[in-house]
Amino acid sequence: MSNPVYLALDVPQIEPAKALLAKVKAHIGGVKLGLEFFCAHGGHGVHEIAHMGLPIFLDLKFHDIPNTVAAAMQAIHVYEPKIVTVHASGGRAMMEDAKAAAAEGCKVVGVTTLTSMDSNDLTATGIYGSAETQVMRLAELAHKAGLDGIVCSGKEVGKVHKEWKDGYFVVPGLRPHGVGTGDQKRVVTPRAARDAGASVLVIGRPISRAEDPQAAARSIEATL
């Protein structure tokens with residue numbers, strides 16, 4: 001079984017990003033490039049990282065009218081991503097068009113509720129009920145829209161997995177034992193998320209900001 005850990009490579013300069021990746025490459029299964037990286041380095045940066053030989057997860061969280069999202073999805077074919085995110089709250093038509101426009105072999109997953117949010121945060125945006133309720137609601141919508149899976153916290157992945165047996169589940173906001181949660185609110189350990197059904201484990205700061213990133217990545221890999 002391939003390594004499910006994707007390093008969130010949100011590093012502002014390209015050379016330090018490549019140096020970090022070189023250190024941990026043997027202990028991860030792929031690289032997640034998010035908004036910070038993409039806005040700083042654009043397509044050139046994506047190609048630079050792709051040349052290092054690991055699968056690329058473009059976490060751009062598309063959320064717009066269906067036609068615009070489909071066009072954006074087609075525009076990123078050139079980067080050959082293995083995973084791309086869209087916001088499930090964009091609705092069924094948007095998700096359907098996103099999946100239809102994705103390159104063959106690219107997993108399209110719907111972001112449900114950000115791991116930095118809890119029920120109080122949802123209420124403030126006009127969404128009532130628990131974070132888990134909202135995740136389950138959007139997971140069902142993403143499934144009906146034909147997406148490959150969703151992004152959710154480790155707190156919900158087990159329940160979603162029971163309802164969507166063949167889904168592809170991306171879990172961010174993970175923290176190994178003894179590591180602070182930072183701005184994340186719904187966190188579990190990488191092993192707990194994997195045991196609950198996670199397909200991909202997105203891990204950033206516990207590796208990238210560790211005193212010894214290689215040792216941190218190796219330690220996480222060992223727990224799996």
Side-chain angles (χ1 to χ4, degrees), residues 2-14 16-63 72-73 76-88 98 102-103 105-116 147-154 157 168-176 179 182-184 186-190 193-194 198-210 213-214 216-217 220-221 224:
S2 61
N3 190 327
V5 174
Y6 271 59
L7 174 66
L9 196 64
D10 291 323
V11 178
Q13 285 85 34
I14 193 72
K18 290 168 66 176
L20 171 63
L21 186 55
K23 290 179 182 177
V24 304
K25 181 179 176 182
H27 306 291
I28 62 175
V31 185
K32 183 188 84 77
L33 303 178
L35 282 175
E36 180 180 349
F37 184 94
F38 195 79
C39 289
H41 307 296
H44 169 72
V46 177
H47 286 305
E48 285 281 298
I49 298 301
H51 287 158
M52 298 190 72
L54 287 170
I56 298 295
F57 168 9
L58 275 184
D59 184 24
L60 301 180
K61 299 183 176 72
F62 293 146
H63 190 171
M73 191 67 75
I76 63 173
H77 283 191
V78 66
Y79 306 129
E80 301 182 343
K82 298 300 181 185
I83 312 169
V84 175
T85 48
V86 302
H87 267 289
C106 175
K107 301 282 190 184
V108 181
V109 293
V111 177
T112 53
T113 300
L114 299 175
T115 52
S116 61
L147 293 197
D148 297 285
I150 62 164
V151 182
C152 66
S153 87
V157 69
Y168 191 81
F169 305 117
V170 175
V171 178
L174 299 167
R175 293 293 184 269
V179 176
D183 58 356
Q184 305 290 350
R186 302 185 341 272
V187 302
V188 301
T189 65
R194 185 64 166 165
S199 309
V200 167
L201 307 172
V202 177
I203 302 174
R205 285 168 284 186
I207 294 175
S208 63
R209 297 188 185 178
Q214 183 181 28
I220 290 169
E221 181 187 28
L224 302 175

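Residue indices begin at 1 and follow the sequence shown.
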Trainee: I need the minimum non-hydrogen distance between Ile56 and Val46, along with the two atoms involved.
Mentor: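 Here Ile56 and Val46 meet closest at CG2-CG1, 4.4 Å.
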Trainee: Write down the atom of Tyr6, the atom of Pro55, and the distance for their closest heavy-atom approach.
Mentor: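 Heavy atoms of Tyr6 and Pro55 come nearest at OH-CB, 3.4 Å.
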Trainee: Report yes if the side chains of Thr85 and Phe57 come closer than 4.5 Å at any heavy-atom pair, otherwise no.
Mentor: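 Yes, side chains in contact.
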Trainee: How close do Ile14 and Phe37 get, counting heavy atoms only, and between which atoms?
Mentor: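 It is CD1-CZ, 3.6 Å.
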Trainee: Take atom NZ in Lys61; do more than 12 heavy atoms of anything else shown fall under 6.0 Å from it?
Mentor: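 It does: Lys61 NZ has more than 12 such atoms within range.
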Trainee: Kindly check if the number of other-residue, nucleotide or ligand heavy atoms within 6.0 Å of CD (Glu80) is above 12?
Mentor: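 Not more than 12 within 6.0 Å, no.
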Trainee: List the atom of Val108, the atom of Asp148, and the distance in Å for their closest heavy-atom pair.
Mentor: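 Answer, listing the atom of Val108 first, then Asp148: N-OD2, 2.8 Å.
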Trainee: Look up atom CD1 in Ile28 and atom CD1 in Ile203, then write down how far apart they are to the nearest 0.5 Å.
Mentor: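 Answer for the CD1-CD1 pair, Ile28 versus Ile203, is 10.0 Å.
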Trainee: Rounded to the nearest 0.5 Å, what separation is found between the CD1 atom of Ile83 and the NZ atom of Lys32?
Mentor: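 The NZ atom of Lys32 is 10.5 Å from CD1 of Ile83, to the nearest 0.5 Å.
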Trainee: Where do Leu54 and Gly30 come nearest, in terms of heavy atoms and distance?
Mentor: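 Here Leu54 and Gly30 meet closest at CB-CA, 4.2 Å.
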Trainee: Quick one: does Val78's side chain get under 4.5 Å of His47's, heavy atoms only?
Mentor: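 Yes - at least one pair of side-chain heavy atoms lies under 4.5 Å apart.
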Trainee: With the side chain counted from C-beta on, respond yes when Leu224 and Pro4 share a heavy-atom pair under 4.5 Å apart, and no when they do not.
Mentor: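 With C-beta onward as the side chain, the pair touches.
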Trainee: Quick one, Leu174 with Val188, criterion side-chain contact (heavy atoms from CB on, under 4.5 Å). Give me CA distance, side-chain angles, the key distance, then yes/no.
Mentor: CA-CA 6 Å; Leu174 299 167; Val188 301; 3.7 Å; yes
Trainee: Atom CZ of Arg194 and atom OG1 of Thr189: how far apart are they, to the nearest 0.5 Å?
Mentor: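 One finds 13.0 Å between CZ of Arg194 and OG1 of Thr189.
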Trainee: I would like to know whether Tyr79 and Leu58 meet side-chain contact (heavy atoms from CB on, under 4.5 Å); could you show each step before the answer?
Mentor: CA-CA 9 Å; Tyr79 306 129; Leu58 275 184; 3.8 Å; yes
Trainee: Just so I know, are the side chains of Val86 and Leu147 near enough to count as touching, which here means a heavy-atom distance under 4.5 Å?
Mentor: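 Yes, at least one pair of side-chain atoms sits under 4.5 Å.
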Trainee: What is the distance from atom CG of Leu60 to atom NE2 of His87, rounded to the nearest 0.5 Å?
Mentor: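 These two atoms lie 10.5 Å from each other.
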Trainee: Does a side-chain heavy-atom distance below 4.5 Å link Ile76 with Phe62?
Mentor: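 SC-SC contact between Ile76 and Phe62 confirmed.
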Trainee: Is there side-chain contact between Val200 and Lys107, with at least one heavy-atom pair below 4.5 Å?
Mentor: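 Not in contact.
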Trainee: With rounding to the nearest 0.5 Å, note down the distance linking CD in Glu48 to CG in Leu33.
Mentor: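 If I round to the nearest 0.5 Å, the distance is 12.0 Å.
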Trainee: Step by step, would you call Val5 with His27 a side-chain contact (heavy atoms from CB on, under 4.5 Å)?
Mentor: CA-CA 8 Å; Val5 174; His27 306 291; over 6 Å; no
Trainee: Atom OG of Ser208 and atom CG of Leu21: how far apart are they, to the nearest 0.5 Å?
Mentor: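 CG of Leu21 is found 11.5 Å from OG of Ser208.
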Trainee: Looking at Val202 and Ala8, what are the two nearest heavy atoms and their distance?
Mentor: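 So the minimum-distance heavy-atom pair works out to CG1-CB, 4.0 Å.
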